[in-house]
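Read the structure below first, then the notes.
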Protein chains: 2
Amino acid sequence: MTSASARVPARQQSIRASNLALAYRLVLDAPTPLSRAALAAATGMTRATAGALADALLAAGLVQEVAPPPASTAGRPATGLVPASAGWVGLGLEVNVDHLAACVVDLTGAVRRQVTVDGDQRGREPGPVLADLAALAHRVADDLAAPDAPETGPGDALRIAQVAVAVPGLVRSDGGRVLRAPNLDWQDVDVVEELTPRLPEAPARPTVGNEADYAALAELDADRELRDFLYVSGEIGVGAGVVFDRRPFTGSRGWAGEIGHVTVEPGGDACRCGARGCLETVAGLDALRSPDPDASERAGSGLGRAIAAAVNLYDLDTVVLGGAYAQRPDLEELVRAALAEHVVSASWAPVAVRRSRLGGTAAAIGAAASVVHRIHADPAAWEARD
Amino acid sequence: MTSASARVPARQQSIRASNLALAYRLVLDAPTPLSRAALAAATGMTRATAGALADALLAAGLVQEVAPPPASTAGRPATGLVPASAGWVGLGLEVNVDHLAACVVDLTGAVRRQVTVDGDQRGREPGPVLADLAALAHRVADDLAAPDAPETGPGDALRIAQVAVAVPGLVRSDGGRVLRAPNLDWQDVDVVEELTPRLPEAPARPTVGNEADYAALAELDADRELRDFLYVSGEIGVGAGVVFDRRPFTGSRGWAGEIGHVTVEPGGDACRCGARGCLETVAGLDALRSPDPDASERAGSGLGRAIAAAVNLYDLDTVVLGGAYAQRPDLEELVRAALAEHVVSASWAPVAVRRSRLGGTAAAIGAAASVVHRIHADPAAWEARD
């Protein structure tokens, strides 16, 4: 993918790329700045080879060198490598039914900017919605470039590596095209095609994903203890992201986690998807906001049955309630009770249920973080980019 | 695992084991008998190395040599390697609510023996049930050893490599212990501990798995076109096996696919698991046999909603109806209609639904086949075994 590497034979290039990724992973996972000597020791490479990889990561702007800690042993103390806090960042954008959002995450995983604009998007055509989203992206990008931006020092420019867009619907697995977002009334919208010419410049083409999948990724980054879990996102629509072994599980075509259309009240209310009794009809935000006195109980009980179905089918030990559910301890309790009743393994292996600390901003954070994860996984693709 | 290999350094041993597995995989996948020259060409090994691996597979009884096809080119025609049809076999056993079964599968994947004994196991203690199962295993083993067994020629002895036991319940992921089988009323039964001393001799310790997971494996072996699918097993209980990319998906602790306890009628009939309205209460065999005139429609519609939940949550494109459902075209139609209504992606990506050709015998076949798969994956572990 880089001009310099085009002259290197494929197999040799892939060994170097894989070694570079390994070296970067060690820097990213190290609890303290990693010296070149420690990098050589950890990889089993010679100091010269490890040093060359460190130089390549530095040259690509993917790591930076920090001053050594106060010397505790004799000899000249070594500088250490840490992920770069300037340079490449991911820009996450989110279209949702009642808000648009943007978020910037840097290579250390830190959130650098975050903007949410409330506003009902229902009844609007995709074109104007995406134009507003692109305008939001430019606002954030201009802010990154501004020399007096509060978080950046001189020379500390943040550059957008790629834009990732979170949408509340089903996305084609090759990215780009939203097949169906019932709550936005979108059918077959090519988000990448529409957005690309309007977005701030970035070396990699934009990508599109499901909002709950991105939110689950943000949750994963926020909690290093999580391994296997179901993340349930409560918005106007209800979606879920599934994670096994700290990796997203997206199903056959990328559409896993459509918990919002699990039937929880057979023959119940009509859903925007065309069916009746879907979880969304009892536990989406519209239903939760209804003045009906038993709305919360009905929502919690339906949500609990749908999550119990997911736990019985997937075998997961942890559920994270996100989006609007993150603010609802009452729903958390009802879900816990439903799981105790309906999960067949619950009596000896109770399911842990907790609310997300990220709340409604998780999808945009996760979208931005997905870009950072891609850079972390394949640093060689980011050499010689500007 | 073999005595000879104990003297070889670990890393070198694992490279040889991996090469042996690669060579075996090539023999297994070859459409016609594989010559040593073709094995060398396919692996990129020298003919001497490939020949040594072929000799090792022959010596372990894992492959056999067959006469060359009529010569089509000049030169001495080569003999070819095929998986051995004698020697090691897997013995699959099944405990189910209304039958016990046994099945023998050889290294070519062929079913060599199959016995089912009908009989309601409810209300019996695990001990006597497992004693009956062990007796069935001995009947089959004695039959294998008999010199006049119809399918075996002289010297063609079939030897049990391992016993795998299918149970309709949740099994501990380290094998052996059944945590809960609600329809048998089993709680925490150590099947391996109970069965091992009573079973026919085999070099490897028995293993235990969920019946629907084993049945899904049998389905996978029977249809090379399947990639991602949900196998639903309709017995007294209802279970499911999930397969992605032709590999079983078993969840966090091995308990995935508990579709029988997905709620399809909230507040409905009491289930043996303790909850109400589980799929089993409307689509298990007891409900299907009820004289109620709308029993079939209720079963098909509940089954359809539960399968739609699984498809929405997992994103799968194919559903196989097995067990008693395999004989029920009426249920197949009701399921298809429910999926068209309740699966959010169904309008542009319809879900394929079909009935299993294996029917009620799939679990025992799959259990036996699981042993064969293990031998196929790690032939080095079967050298010097007898």
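Lettering of chains follows the sequences in order, A, B, ..., and the numbering in each one begins at 1.
Within the 4.5 angstrom heavy-atom criterion, atoms from both the backbone and the side chain of B:Trp255 approach chain A. Contacts between B:Val264 and chain A at a heavy-atom distance below 4.5 Å involve the backbone alone (N, CA, C, O). Proximity to chain A (any heavy atom under 4.5 Å) is restricted, for B:Leu316, to the backbone atoms N, CA, C and O. Interface residue B:Tyr314: backbone and side-chain heavy atoms are both found under 4.5 Å from chain A. Interface remark: B:Ser301 contributes no atoms to any contact with chain A (heavy atom separation under 4.5 Å).
Atom CG of A:Asn19 sits in a crowded spot, with more than 12 heavy atoms from other residues, nucleotides or ligands closer than 6.0 Å. Environment of CD in B:Glu333: crowded, with over 12 heavy atoms of neighbouring residues, nucleotides or ligands closer than 6.0 Å. The number of heavy-atom neighbours closer than 6.0 Å to CG of A:Asp185, taken from other residues, nucleotides and ligands shown, is 12 or below.
Note: B:Ala256 leads B:Ala240, B:Ala256, B:Gly274 in heavy-atom pairs under 4.5 Å with chain A. Contact tally against chain A (heavy-atom pairs below 4.5 Å) for B:Ser252, B:Ala310, B:Ala275: the top residue is B:Ser252. Considering only heavy-atom pairs separated by less than 4.5 Å from chain A, the leading option among B:Cys273, B:Ser345, B:Ser347, B:Ala308 is B:Ser345.
By the 4.0 Å N-to-carboxylate-O rule, A:Arg246 lies too far from A:Asp223 to be salt-bridged with it.
Side-chain atoms of B:Thr281 and B:Glu265 form no donor-acceptor pair, as typed in the model, at a separation below 3.5 Å.
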